[in-house]
Number of protein chains: 2
Amino acid sequence: MVEATRSGNGSARPTLEQVAAAAGVSRGTVSRVVNGSPQVSEAARASVLEAVQQLGYVPNRAARSLATRRADSVAFVVSEPESRVFTEPFFGSLLRGVSKELSASGLQLVLVMAWTAREHAQVEQYVRNGHVDGAVLVSVHGDDPLPWRLMENGTPVVMSGRPQLSHPSLPYVDSDNVEGARAATAHLYERGRRRIAAITGPQDMSVGVDRLAGYRKALRGRRGVPRDLCAFGDFSQESGERAMRQLLERDPELDAVFAASDMMAVGALRALRAAGRRVPDDVAIIGFDDSETARHTDPPLTSVRQPTELMGREMTRMLLTLIEGGSTTSEPVILPNELVLRGSV
Amino acid sequence: MVEATRSGNGSARPTLEQVAAAAGVSRGTVSRVVNGSPQVSEAARASVLEAVQQLGYVPNRAARSLATRRADSVAFVVSEPESRVFTEPFFGSLLRGVSKELSASGLQLVLVMAWTAREHAQVEQYVRNGHVDGAVLVSVHGDDPLPWRLMENGTPVVMSGRPQLSHPSLPYVDSDNVEGARAATAHLYERGRRRIAAITGPQDMSVGVDRLAGYRKALRGRRGVPRDLCAFGDFSQESGERAMRQLLERDPELDAVFAASDMMAVGALRALRAAGRRVPDDVAIIGFDDSETARHTDPPLTSVRQPTELMGREMTRMLLTLIEGGSTTSEPVILPNELVLRGSV
DNA sequence: CCTACTCGTGAGAGCGCTCCCGGGCTAGTT
DNA sequence: AACTAGCCCGGGAGCGCTCTCACGAGTAGG
């Protein structure tokens, strides 16, 4: 009796068998109805549906998984050694996209986070062991073999961002970093700026490379415009500040800066203020990521916004297609960015 | 043959049965070893362990769940109608704490997000249907019946933050908002400030109420100090700016502000600058949350930091205890905050 | 009118695990 | 020596579902 209380849970969940009994059909038929098979008469379907409704039947996930050998869930893997993962709205937004797209198809979203090397190995174990049908990988490092290991294993995987060592046909979704950077730089040019500097990200990451390429592309062919006025940062504020100081030293006359991340732009703002430059009067500046911070700087930062939620949705769609098709390779999807205009230009 | 290729997946995962065969024992014994039962001889244990190692055996989650009638997973439910959920580091940090604590006990973390009312209902369905053993609820609104509905259903639930309509024994973890606000205000006083204003949060949320209470508590009994110099905001930057303007109007002589959120503090900074006040020379200011933004304002913002990751861990620990004990009620846990000193004081 | 299908349905056989019962063995007790 | 008490261990039953196969009834074709 104590046990009965213990298990609590009000009414025990009805099983297929009970629904079948109530509807006056067999288990098989109920299963067919529940799974939307066309092979069932209207009469049977109706009475099953009624019984389902009445008993409040919900399929038991575990039993289904066991029988189908599918997990009916996908992993969202964050393999970030740094701790600041979620301070960036990027992840949250991506997650939201994934969540929305996934809930439509009834799959579970299992969140897996790994910081230490040991956890990293566990993640691989976990995914390889078929606990999930596929995985969305975010913030994977360049030399991380995880995606390929999983692909070899036959597990569908989709990454966010183009991997550096582009393995042929490794499925990924990315925003058009080249075009975003190009548009930002072009915007500065169109506003009449002529000495446009760049603070770029690390060149061992595709975002870093692409955003620099976009900057160069925008300035290519323009006469009398320096286009190698760039300093390198690591996306952090400090590095942006340092880079800005270097740039001011190299060219005190510069009148605009394209920063490959908002954080670096914030650092640049500080350096500019310290150097007595007014923004945007003396120097215009554009960042990248459209982070929360961009809205609160002084002046507010014009920035390139990535369609993060959409990226999440696309990744999920791609993953579901892979899972369904039993494949592990796919053409990448590149989504357009958007320039958000604020006071810094 | 095509099928064989399709299913891919390299080597099929070994089952208990196969491990048993390899180890020369029965299924039961392998199960006992895997689950750490003491009722097994050293010899048997050793040979099972060896077989497990060799075959790379990992228990099938679905089968286990089916047999034990447990889900071996908990849900992290974000029921936030707003879209800015993850722009605040709070959630990410909480999530990390939950993830860390959970991975130690081998449970899955299922992320469930709900924005629309319909999704809200689905979440309830989902959790009630026993897909998870328990749930961590964050950012629940005051009038949201979700936690109680789940509790009635017998599902263990832990909330973040003290609920307003404090249902007796609804389990929650919170930081000590009263004490955090008190310490911040007291700090301002100790630094010699005497006209300390407050920008408080909405009074229909416990955080809003508590932080105001802390402010009042710090000033109680101090002679010649105004302690009702407060304006209300809604935690947003705009509301902070507005509140600050009101306060300056009411008392142009004020020399310090305690803001109940960093965002409001940022707004206040703007208003102060617009009014020609220097921070911290003329007016000192302290925020709350120690957000990413606090680090990037000018000057950097002194703020109260909540032990968010720890809160996540505590919530998880509490939840696991509830699950294990088959209970749904528990004493709340209140964790201390910390004042992070930066340039704004 | 018989054969050949098609279509809807029922039933059996698992999926891989845990739980529990009972048998065999050893050690301790009278 | 006989009996009991433990301790290990094996194996059956069953968790709730899907899937395959076979069967009966209807329909069309020869």
Side-chain angles (χ1 to χ4, degrees), chain A residues 3 6-7 9 11-49 51-52 55-73 106 108 129-131 133, chain B residues 3 6-7 9 11-49 51-52 55-73 106 108 129-131 133:
Chain A
E3 274 310 303
R6 254 287 225 99
S7 65
N9 220 324
S11 52
R13 293 175 56 196
T15 70
L16 250 200
E17 195 95 55
Q18 295 172 35
V19 175
V25 295
S26 76
R27 261 182 8 251
T29 302
V30 178
S31 175
R32 274 182 283 263
V33 171
V34 170
N35 293 296
S37 157
Q39 302 282 70
V40 53
S41 72
E42 269 319 306
R45 182 184 309 280
S47 72
V48 167
L49 252 27
V52 164
L55 298 178
Y57 170 76
V58 179
N60 179 314
R61 224 186 174 89
R64 178 177 279 176
S65 279
L66 184 57
T68 58
R69 296 136 160 286
R70 281 177 295 123
D72 274 339
S73 58
Q108 271 190 342
N129 281 323
H131 288 315
D133 299 321
Chain B
E3 274 310 301
R6 258 282 228 100
S7 66
N9 219 326
S11 51
R13 293 175 57 196
T15 71
L16 252 200
E17 196 95 31
Q18 295 172 33
V19 174
V25 297
S26 76
R27 256 178 16 249
T29 302
V30 178
S31 176
R32 275 183 281 263
V33 171
V34 170
N35 293 295
S37 158
Q39 302 283 64
V40 52
S41 70
E42 269 320 306
R45 182 185 309 280
S47 72
V48 167
L49 252 27
V52 165
L55 299 178
Y57 170 76
V58 178
N60 179 314
R61 221 185 177 91
R64 177 177 281 177
S65 279
L66 184 57
T68 58
R69 294 135 160 286
R70 282 178 294 123
D72 274 339
S73 59
Q108 272 190 341
N129 281 324
H131 288 316
D133 299 320

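First the proteins, then the strands, lettered A, B, ... as listed; each starts at 1.
Interatomic distance, OG of Ser73(B) versus CZ of Arg61(A), reported as 9.0 Å (0.5 Å rounding). Expressed to the nearest 0.5 Å, how far CG of Asn129(A) lies from OH of Tyr57(B) amounts to 10.5 Å. In this structure, CD on Gln18(A) lies 13.0 Å from CZ on Arg27(A), to the nearest 0.5 angstrom. Rounding to the nearest 0.5 angstrom, the gap separating the CG atom in Leu66(B) from the CZ atom in Arg64(B) is 13.0 Å.
Residues forming a side-chain contact (heavy atoms from CB on, under 4.5 Å) with Ser31(B) (at least two apart in sequence, or on another chain): Leu16(B), Asn35(B). Val40(B) pairs by the side-chain contact (heavy atoms from CB on, under 4.5 Å) definition with Thr29(B), Val33(B), Ala44(B), Arg45(B), not counting sequence neighbours. For Ala67(B), there are no side-chain contact (heavy atoms from CB on, under 4.5 Å) partners at least two apart in sequence or on another chain.
Between the NE2 atom of His131(A) and the P atom of dG16(C) there is a distance of 14 Å, given to the nearest Å. Computed from coordinates, the Arg13(B) CZ to dG16(C) P distance equals 9 Å when rounded to whole Å.
Closest heavy-atom contact between Gly130(B) and Ala71(B): O-CB, 4.0 Å. Residues Val34(A) and Pro59(A) share a closest heavy-atom pair of CG1-CG, 4.1 Å. Scanning all heavy atoms of the two residues, the minimum distance from Ala62(B) to Ser65(A) falls at CB-CB, 3.6 Å.
Contact check of residues 55-73 of chain B against DNA chain D (heavy atom, cut-off under 4.0 Å) returns Leu66(B), Ala67(B), Arg69(B). For the segment residues 26-41 of chain B, residues with any heavy atom less than 4.0 angstrom from an atom of DNA chain D are, sorted by number, Ser26(B), Arg27(B), Gly28(B), Thr29(B), Arg32(B), Gln39(B), Val40(B), Ser41(B).
DNA chain D is contacted by both Leu16(A) and Glu42(B); Glu42(B) maps to the nucleotide lying nearer its 5′ end (nearest heavy atom per residue).
Direction change of the helix axis from one end of the helix from dC1(C)-dG30(D) to dT30(C)-dA1(D) to the other is 50°, with five pairs defining each end axis (rounded to 10°).
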